Asks: 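Mind having a look at this structure? Questions to follow.
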Amino acid sequence: MQYFEHKIPGIDGSAATFVGYCLDNSKEIDPDRRRPSVLVIPGGGYEMTSDREAEPIAMQFLAAGFNAFVLRYSVKPSVFPVALLEAAEAVRRMRAHAAEWHVDGDRIAVIGFSAGGHLAANLATSVSDDVLAAHGYDPDEVRPNGLMLSYPVITSGPLAHRGSFDALLGEKKDDQKALDAVSIEKHIDAKTPPVFVWHTLPDGCVPCENTLMLIDACKKAGVSIEAHLFPEGGHGLALGNAETAWQGVNGIEPCVQAWPKLAIDWMRRTFAK
């Protein structure tokens, strides 16, 4: 297996860490295999990136036969669009190094958690195409082919996780135009790739209505979406088991533990050739 850590410079002098876990090819099996791949984007309210939503998630997809990458993007005091451009660069590199890393450039998904879900959706939809283009990226060349979201921050409206938008926008946190520009449900269109999303109904941090708004927007735009709403559990559950529990104790929620298998099955169906 290839393992690497690269730095992605931020436009404000910060830097993201881009980690790759790429399975080797075998002459006994398929020496030229190109694998579907997933970019994991942890959450943390745009103030940190959670360990619990990084490597443990990547390992689930790696074990299922996908290449996995993790982006530890720039957070507060960095503001929009620093993290977005780092995510775009991560996908660009996955496609540019497709032969070296055995990546199928037409079968790349991103999976984002909480505020990382907002970043993933920001990249996957057309909401910030003009921003990407202004910084030298062709939006269609860095858009992933699939979008997976775990308890995502979606709306900047009344049901927003306000802390995420405060950290993301900084001095513009009360600018309604800036808020509307990054409110994902307002920007779902035909360019949005197929979506997989899950949330818990009792989530007291990022209300499940964020996901309900996403479902409604995708339905209206004709975008394929598979959604799973679980009746128990709070926010930030990651895998929902002892592997990712806070201090090894808090955040064990049996009813959500099925989501990795559901997501992997969705990836296989979505990227079936």
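Remember, predicted model here, so these are calculated numbers, not experimental data.
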Asks: When rounded to the nearest 0.5 angstrom, what is the spacing between CG in L239 and CE in M59?
Replies: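 It comes to 11.5 Å.
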
Asks: What distance do F113 atom CZ and L237 atom CG have between them, rounded to the nearest 0.5 Å?
Replies: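 Going from the CZ atom of F113 to the CG atom of L237 covers 10.5 Å.
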
Asks: Do the non-hydrogen side-chain atoms of L39 and P144 ever get within less than 4.5 Å of each other?
Replies: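 Of all side-chain heavy-atom pairs linking P144 with L39, none is under 4.5 Å.
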
Asks: Report the residues that fulfil side-chain hydrogen bond (donor to acceptor under 3.5 Å, both in side chains) with D32, sequence neighbours left out, ordered by chain and then residue number.
Replies: none

Asks: Could you check if a side-chain atom of D51 sits within less than 4.5 angstrom of a side-chain atom of E55, using non-hydrogen atoms only?
Replies: no

Asks: Minimum heavy-atom separation for L159 and M213, please, with both atom names.
Replies: CD1-CE, 3.9 Å

Asks: Can you name the closest pair of heavy atoms from A90 and L71 and give their distance?
Replies: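 A90 and L71 have their closest heavy atoms at CB-CD1, 4.3 Å.
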
Asks: So which residues get pulled into W246's cluster when ILVMFWY side chains under 4.5 Å apart are joined, directly or through others?
Replies: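 None; W246 is a cluster of one.
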
Asks: Would you mind reporting whether T244 and P56 have side-chain heavy atoms less than 4.5 Å apart?
Replies: yes

Asks: Considering only residues two or more places apart or on different chains, which pairs with a residue in residues 169-193 satisfy ring pair (Phe, Tyr, Trp, His ring centres under 6.0 Å)?
Replies: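 Every candidate ring pair (Phe, Tyr, Trp, His ring centres under 6.0 Å) pair involving residues 169-193 fails, so no pair, neighbours aside, qualifies.
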
Asks: Should F69 and V38 count as side-chain neighbours, where that means a heavy-atom distance under 4.5 Å?
Replies: no

Asks: With a 4.5 Å cut-off on side-chain heavy-atom distances among I, L, V, M, F, W and Y, is there a chain of contacts connecting L149 to L201?
Replies: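 Yes, L149 connects to L201 through the hydrophobic network.
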
Asks: Is there a path of hydrophobic side-chain contacts, each under 4.5 Å between heavy atoms, that joins V153 and I225?
Replies: yes

Asks: Compare every heavy atom of V127 with every heavy atom of D130, then report the nearest pair and how far apart it is.
Replies: OD1-O, 4.1 Å

Asks: With a 4.5 Å cut-off on side-chain heavy atoms, are D24 and Q2 touching?
Replies: yes

Asks: May I have the step-by-step check of side-chain contact (heavy atoms from CB on, under 4.5 Å) for F4 and Y21, ending in yes or no?
Replies: CA-CA 7 Å; F4 63 80; Y21 307 85; over 6 Å; no

Asks: Would you call the rings of Y151 and H199 parallel, tilted or perpendicular, where under 30° means parallel and over 60° means perpendicular?
Replies: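 Plane angle over 60°, so perpendicular.
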
Asks: Mind checking the SG-CG spacing from C208 to L214? Nearest 0.5 Å is all I need.
Replies: 12.5 Å

Asks: If you look only at distance, which donor and acceptor atoms sit under 3.5 Å apart when one is on a side chain in residues 166-174 and the other is two or more places apart or in another chain?
Replies:
none

Asks: For the pair N25 (side chain) and P31 (backbone), establish whether a donor and an acceptor sit closer than 3.5 Å, ignoring hydrogens and angles.
Replies: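 Present.
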
Asks: Quick one: side-chain hydrogen bond (donor to acceptor under 3.5 Å, both in side chains) partners of D175, sequence neighbours excluded?
Replies: none

Asks: State the OG1-CD distance between T211 and E185, to the nearest 0.5 angstrom.
Replies: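 Rounded to the nearest 0.5 Å, the OG1-CD separation comes out at 11.5 Å.
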
Asks: In chain order, what residues pass the salt bridge (charged side-chain N to carboxylate O under 4.0 Å, His left out) check against R95, with sequence neighbours excluded?
Replies: none

Asks: With the 4.5 Å side-chain cut-off for hydrophobic clustering, are I11 and V142 part of the same group?
Replies: yes

Asks: Hey, what's the ring geometry for Y46 with Y73, parallel, tilted or perpendicular (30° and 60° as the breaks)?
Replies: perpendicular

Asks: For the residue pair P42 and A54, what are the closest heavy atoms and their distance?
Replies: CG-CB, 3.9 Å

Asks: Does R92 have any salt bridge (charged side-chain N to carboxylate O under 4.0 Å, His left out) partners at least two apart in sequence or in another chain, and if so, which?
Replies: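 R92: salt bridge (charged side-chain N to carboxylate O under 4.0 Å, His left out) contacts with E89.
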
Asks: Can any side-chain N or O of T155 pair as donor or acceptor with the backbone N or O of G157 at less than 3.5 Å?
Replies: yes

Asks: Assign the ring pair H161 / H235 to parallel, tilted or perpendicular, where the plane angle (0 to 90°) is split at 30° and 60°.
Replies: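 The rings of H161 and H235 lie parallel, inter-plane angle below 30°.
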
Asks: Of the non-hydrogen atoms in S156 and S183, which two are nearest, and what is the gap between them?
Replies: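 So the two residues come closest at N-OG, 3.0 Å.
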
Asks: Apply the test side-chain hydrogen bond (donor to acceptor under 3.5 Å, both in side chains) to residues E86 and S74: give CA-CA distance (whole Å), side-chain angles for both, the deciding distance (0.1 Å), then the verdict.
Replies: CA-CA 8 Å; E86 293 167 345; S74 296; 2.6 Å; yes

Asks: Within the side chain of R52, is there an N or O that forms a donor-acceptor pair under 3.5 Å with the backbone of G236?
Replies: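 Between the backbone of G236 and the side chain of R52 there is a qualifying donor-acceptor contact (under 3.5 Å).
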
Asks: Could you tell me how the ring of W266 sits relative to the ring of F196: parallel (under 30°), tilted (30 to 60°) or perpendicular (over 60°)?
Replies: tilted

Asks: Tell me whether E47 contacts the main-chain N or O of K76 through its side chain, where contact means a donor paired with an acceptor under 3.5 Å.
Replies: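 Not at all, since once roles are kept as given, no pair shorter than 3.5 Å links the two residues.
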
Asks: Mind checking what makes side-chain hydrogen bond (donor to acceptor under 3.5 Å, both in side chains) contact with H97, not counting sequence neighbours?
Replies: E100

Asks: Check salt bridge (charged side-chain N to carboxylate O under 4.0 Å, His left out) between D129 and all other residues, then give those that pass, not counting sequence neighbours.
Replies: R143, K191

Asks: With sequence neighbours left out, write down each residue that passes salt bridge (charged side-chain N to carboxylate O under 4.0 Å, His left out) with D189, or none if nothing qualifies.
Replies: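 With neighbours one apart ignored, the set is empty.
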
Asks: Under 3.5 Å, sequence neighbours excluded: what are the donor-acceptor pairs made by side chains of residues 251-263?
Replies:
residue: Q257; atom: NE2; partner: G240; partner atom: O; Å: 2.9
residue: W259; atom: NE1; partner: A238; partner atom: O; Å: 2.8
residue: K261; atom: NZ; partner: D265; partner atom: OD2; Å: 2.8

Asks: Count I, L, V, M, F, W, Y as connected when their side-chain heavy atoms are under 4.5 Å apart, and connections chain through other members. Are M267 and V223 then in the same cluster?
Replies: no

Asks: Side chains of F18 and R93: closer than 4.5 Å at any heavy-atom pair?
Replies: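 Counting from C-beta outward, F18 and R93 do come under 4.5 Å.
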
Asks: Under a 4.5 Å side-chain heavy-atom rule over Ile, Leu, Val, Met, Phe, Trp and Tyr, are L85 and V110 clustered together?
Replies: yes

Asks: Quick check against the 3.5 Å criterion: does S37 have a side-chain atom that pairs as donor or acceptor with the backbone of R35?
Replies: yes

Asks: Quick one: NE2 on H118 to CG on L123, what's the gap to the nearest 0.5 Å?
Replies: 12.0 Å

Asks: Run I188 and V195 through side-chain contact (heavy atoms from CB on, under 4.5 Å) and show every step you take.
Replies: CA-CA 11 Å; I188 301 294; V195 178; over 6 Å; no

Asks: Between R72 and I41, does a side-chain contact (heavy atoms from CB on, under 4.5 Å) hold up when you go through it step by step?
Replies: CA-CA 7 Å; R72 309 298 288 258; I41 303 181; over 6 Å; no

Asks: Treating N67 as the side-chain partner and H102 as the backbone partner, does any N or O pair qualify as donor plus acceptor under 3.5 Å?
Replies: yes

Asks: Donor-acceptor pair, T192 side chain versus T125 backbone, under 3.5 Å?
Replies: no

Asks: List in chain and number order the residues that pass side-chain hydrogen bond (donor to acceptor under 3.5 Å, both in side chains) with D216, two or more places apart in sequence or in another chain; answer none if no residue qualifies.
Replies: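 By the side-chain hydrogen bond (donor to acceptor under 3.5 Å, both in side chains) rule, D216 matches K220.
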
Asks: Salt bridge or not for R269 and E226, using N-O below 4.0 Å?
Replies: yes

Asks: Might you point out which heavy atoms bring P152 and W198 nearest each other, and give the distance in Å?
Replies: CD-O, 4.1 Å

Asks: So do the side chains of V131 and F80 get within less than 4.5 Å of each other, counting heavy atoms only?
Replies: yes

Asks: Would you check, one step at a time, whether the test side-chain contact (heavy atoms from CB on, under 4.5 Å) holds for M148 with F61?
Replies: CA-CA 12 Å; M148 294 182 285; F61 289 93; 3.9 Å; yes

Asks: How long is the straight-line distance from CZ of R107 back to OG1 of T270, given to the nearest 0.5 Å?
Replies: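 Here the interatomic distance stands at 11.0 Å.
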
